[in-house]
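Worksheet: one structure, shown below.
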Amino acid sequence: MKVAARPAREEALAAVLGELSTEVAVFANGMISREACRARDRRLNFYMLGSMGLGTAIGLGLSLSRPSEPVVVVDGDGNLLMGLGTLPMVGAWVRGRFLHVVLDNGTYASTGGQKSVSGTTDFGAVALASGYARAGTVETTAELRSRVQAWLEEDDPSLLRVLVADEPPHIEAPRVSERPERIAARVARELAHAG
Amino acid sequence: MSEATTLQAPPGAPEVASWTAPPPVVPYSARALYDLLGQEGYDFYLGVPCSLLNAFYRVLDETGTTHYAATREDIAIGVAAGAALAGRRPVVLMQNSGLGVATNALLSLTQLYRLPALLLVTWRGESVDSPEHTAMGTTTPALLELLGIPYGFASHAKSVRERVLGGEGPGALLVRRGELV
């Protein structure tokens with residue numbers, strides 16, 4: 001049986017970004033931030049440059065500070081594994097809309113494709129056991145788009161694992177060129193205006 | 001401000017630009033510190049507990065102030081960064097052992113993006129303490145200097161208001177045994 005090819009990471013990022021309007025979104029460091037910036041830069045995108053593993057934590061801080069506003073976190077499997085201890089905190093306190101997308105290619109793609117242990121870890125089960133309200137896995141951009149659309153409306157945290165291809169893109173996305181303090185300032189300004 | 005006099009670094013401490021001997025421990029009201037932080041706009045509390053912070057935690061409970069328990073200190077720094085992006089001024093409570101855990105987060109997140117965060121860091125191992133605290137105890141002020149994090153002592157918080165509490169990026173108040181009551 002022929003298995004449909006998994007979407008490329010940037011395709012998945014473009015699909016998620018295509019569903020966003022006023023949501024603040026945090027992108028994990030490495031290729032996820034670089035490709036998100038290339039796919040669709042927005043003032044409400046927070047690009048994590050260092051601090052690997054802390055994307056979920058940053059999203060949690062945003063959600064606790066603005067509980068009635070939605071937050072999107074786009075993680076990678078390596079990032080999620082590093083920050084796994086954040087999930088029980090999200091499960092304990094987040095009651096608003098919190099969509100945690102995990103682009104899972106089973107590797108540390110930004111450093112050369114070394115294997116991660118995501119293949120033997122059930123991220124959905126970990127999330128549910130930590131207090132997330134729902135979790136699931138998608139393998140196509142069509143499923144991804146419809147799940148993002150639906151879950152962005154739901155209260156309580158959701159974890160959506162997206163199986164993406166582990167091949168590098170034809171042309172590597174450039175580093176995020178915006179200065180870090182600018183990245184933070186423009187997110188902060190947008191959120192302040194939104195109230 | 002005669003908060004401290006310049007002295008020789010204790011044996012074993014890394015060489016840093018300046019070493020200032022800590023001022024004597026003066027018991028200081030945890031409530032007064034809480035009020036001072038409130039005046040400076042701090043309004044978001046989280047961290048990993050230490051017994052030296054019990055008086056401060058009691059004030060948080062008595063005043064009905066929400067505070068979140070973090071699973072790790074670097075994760076607490078990440079949550080604080082998100083809160084800061086949303087316009088809050090976070091206070092992160094931790095033991096100095098946690099300063100080691102949080103180091104990369106402080107450098108590559110809080111400092112890099114110039115986000116406010118006040119660290120309330122207990123100084124275990126400052127004097128006689130259990131062995132696991134000795135090395136970090138010897139290193140703590142020097143580590144803060146190396147990291148470029150302005151710091152003072154909790155009991156002298158008022159005198160370091162501008163430098164430690166009011167700046168861009170992280171600042172730290174060290175809390176010694178008996179300092180917060």
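Lettering of chains follows the sequences in order, A, B, ..., and the numbering in each one begins at 1.
Summarising the local packing, CZ of Arg134(A) is surrounded by more than 12 heavy atoms from other residues, nucleotides or ligands at distances under 6.0 Å. Arg161(B) CZ: more than 12 foreign heavy atoms inside a 6.0 Å radius. For Arg43(A), the CZ atom is loosely surrounded, since the number of other residues' heavy atoms within 6.0 Å does not exceed 12. Counting non-hydrogen atoms of other residues, nucleotides and ligands closer than 6.0 Å to CD of Glu162(B) gives a total of 12 or fewer.
Listed options Ala194(A), Pro180(A), Gly50(A) were ranked by heavy-atom pairs under 4.5 angstrom with chain B; first place goes to Pro180(A). Annotation: maximal heavy-atom pairing with chain B below 4.5 Å, among Ile183(A), Thr56(A), Leu49(A), occurs at Leu49(A). Interface check for chain B: of the options Val71(A), Val187(A), Ile58(A), the most heavy-atom pairs under 4.5 Å are formed by Ile58(A). Per-residue heavy-atom pair counts under 4.5 Å with chain B were compared for Ala185(A), Gly83(A), Ala188(A), and the maximum is reached by Ala188(A).
Across Ala86(B) and Leu191(A), no two heavy atoms sit closer than the pair CA-CD1, 4.1 Å. Of all the heavy atoms in Leu64(A) and Arg88(B), the pair that sits closest is O-NH1, 4.3 Å. Contact between Leu54(A) and Ala105(B) at its shortest, heavy atoms only, is CD1-CB, 3.5 Å.
Interface remark: Leu115(B) contributes side-chain atoms only to the contact with chain A (heavy atom separation under 4.5 Å). If you measure heavy-atom distances from Phe44(B) to chain A, the contacts under 4.5 Å come from the side chain alone.
At distances below 3.5 Å, at least one donor-acceptor pair connects side-chain atoms of Ser108(B) with backbone N or O atoms of Ser51(A).
For residues 49-74 of chain B, the interface with chain A (any heavy-atom pair closer than 4.5 Å) comprises Tyr68(B), Ala69(B), Ala70(B), Thr71(B), Asp74(B), sorted by residue number.
Clustering ILVMFWY residues whenever any of their side-chain heavy atoms sit less than 4.5 angstrom apart, transitively, puts Leu20(A) in the very cluster that holds Val74(A). Residues Leu60(A) and Val101(B) are members of separate hydrophobic clusters, defined by side-chain heavy-atom contacts under 4.5 angstrom among Ile, Leu, Val, Met, Phe, Trp and Tyr. Linking ILVMFWY residues whenever their side-chain heavy atoms come closer than 4.5 Å, directly or via other members, places Val138(A) and Phe98(A) in the same cluster. Under the 4.5 Å side-chain contact rule for hydrophobic residues, Val101(A) and Met31(A) do not share a cluster. Val48(B) and Val91(B) end up in different hydrophobic clusters when Ile, Leu, Val, Met, Phe, Trp and Tyr side chains are linked at under 4.5 Å.
A search for salt bridge (charged side-chain N to carboxylate O under 4.0 Å, His left out) contacts involving Arg186(A) returns Asp41(A), Glu178(A), not counting sequence neighbours.
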